**Q** 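Sharing a structure, written as structure tokens. Questions coming.
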There are 2 protein chains.
Amino acid sequence: MSSTNRASSDDEFIVVREILSRLGDKWSVRVIHEAAGEPIRFTDLKRKIERSTPISSRVLTRTLKQLERDGLVTRRVYPVVPPRVEYRLTELGQQFLHHAQEIMGWTMEHQTAFETARREFEAQTTEQ
Amino acid sequence: MSSTNRASSDDEFIVVREILSRLGDKWSVRVIHEAAGEPIRFTDLKRKIERSTPISSRVLTRTLKQLERDGLVTRRVYPVVPPRVEYRLTELGQQFLHHAQEIMGWTMEHQTAFETARREFEAQTTEQ
DNA sequence: CCGCATCCATTACGATACTG
DNA sequence: CAGTATCGTAATGGATGCGG
């Protein structure tokens, strides 16, 4: 099983889990979705997201930094006044988005199943 | 078919995100993986997981409760002494596992790309 | 055997105010 | 415009001990 001289089979999973975590956190997928296509500026990105939910610049910044760190988006600074910073998806980011959309599609297909499961669970744990 | 509670397109995404969160949390995928196939008892599950990493019963219990609530695993109690409780994947859980494995596969394929991206990011943010 | 109760550490999220 | 600094709250993960 855990055969080769690859440190430990656990170490490999650290990066994997950290990438998977992007699927589960509140903003990453949304940001990646909005950053697909044309490069987009920070404030435009913020405004786009805020068409449905408020996001503080602190949180958006942090999310973008993580995505940049993981190689899913690139950040390009133009040395002009006022500042101009553009974010865009990398190839890796686009593939990630693709996978994310697949699972989201599956989840949405089975949404009623999830909701039913939850109601049943509540019913069971509530009864005396 | 209560199409009336479709309030905003955001509401739909709450359940979606909660399911996606299972991909990102520390234990869900692992538990689901170990629960695939034969039904498995609580302590056996714990021991299996602990072949690689310690997990407290509190955390395992909480993870299982969530998965049960979302309809990904079922919990069956046998009224015997000592207690016997078996967990097993539902159809939904198996599909979930399938999707999870796909993304994990993709992530592992590009693992070196992620690691490289991180090193470059560090290098950039470190330089004066 | 299968948990739950308690307590603690760490991290995510968020509102607000302020700068190059 | 594109962030950082500061503060506070909530959720998650974990160690340990008890109980049917």
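Please read all numbers here as calculations on a predicted model, not as lab measurements. Letters A, B, ... mirror the listed sequences (proteins, then strands); counts begin at 1.
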**Q** Strictly distance-based, threshold 3.5 Å: is any side-chain N or O of A:Thr53 a donor or acceptor partner for the main-chain N or O of A:Glu50?
**A** no

**Q** Side chains of B:Gln95 and B:Glu91: donor-acceptor distance under 3.5 Å anywhere?
**A** yes

**Q** Taking C-beta and beyond as the side chain, do A:Arg30 and A:Ile55 meet within less than 4.5 Å on heavy atoms?
**A** no

**Q** Answer whether the closest heavy-atom distance between the side chains of A:Asp70 and B:Phe121 falls below 4.5 Å.
**A** no

**Q** Quick one: A:Leu60 CG to D:dA2 P, roughly how many Å, whole number?
**A** 10 Å

**Q** Measure CD/A:Glu50 against P/D:dA2 and give the value in whole Å, please.
**A** 14 Å

**Q** Please list all pairs meeting salt bridge (charged side-chain N to carboxylate O under 4.0 Å, His left out) that have one or both residues in residues 79-90 of chain B, counting only residues at least two apart or in different chains.
**A** B:Arg84-B:Glu86

**Q** Reading nucleotides 1-13 of chain C from the 5' end, what letters show protein touch, with B for base, S for backbone sugar-phosphate only, - for no heavy atom under 4.0 Å?
**A** BSBBBBB----SB

**Q** Of all heavy-atom pairs between B:Gly93 and B:Ile32, which one has the smallest distance, and what is that distance?
**A** O-CG2, 4.1 Å

**Q** In this structure, how many angstroms lie between the C1' atom of D:dT4 and the NZ atom of A:Lys46, rounded?
**A** 14 Å

**Q** Take the protein atom CZ of A:Arg76 and the nucleotide atom C1' of D:dC1, then report the distance between them rounded to whole Å.
**A** 18 Å

**Q** CZ of B:Arg30 versus P of D:dG13: gap in Å, rounded?
**A** 15 Å

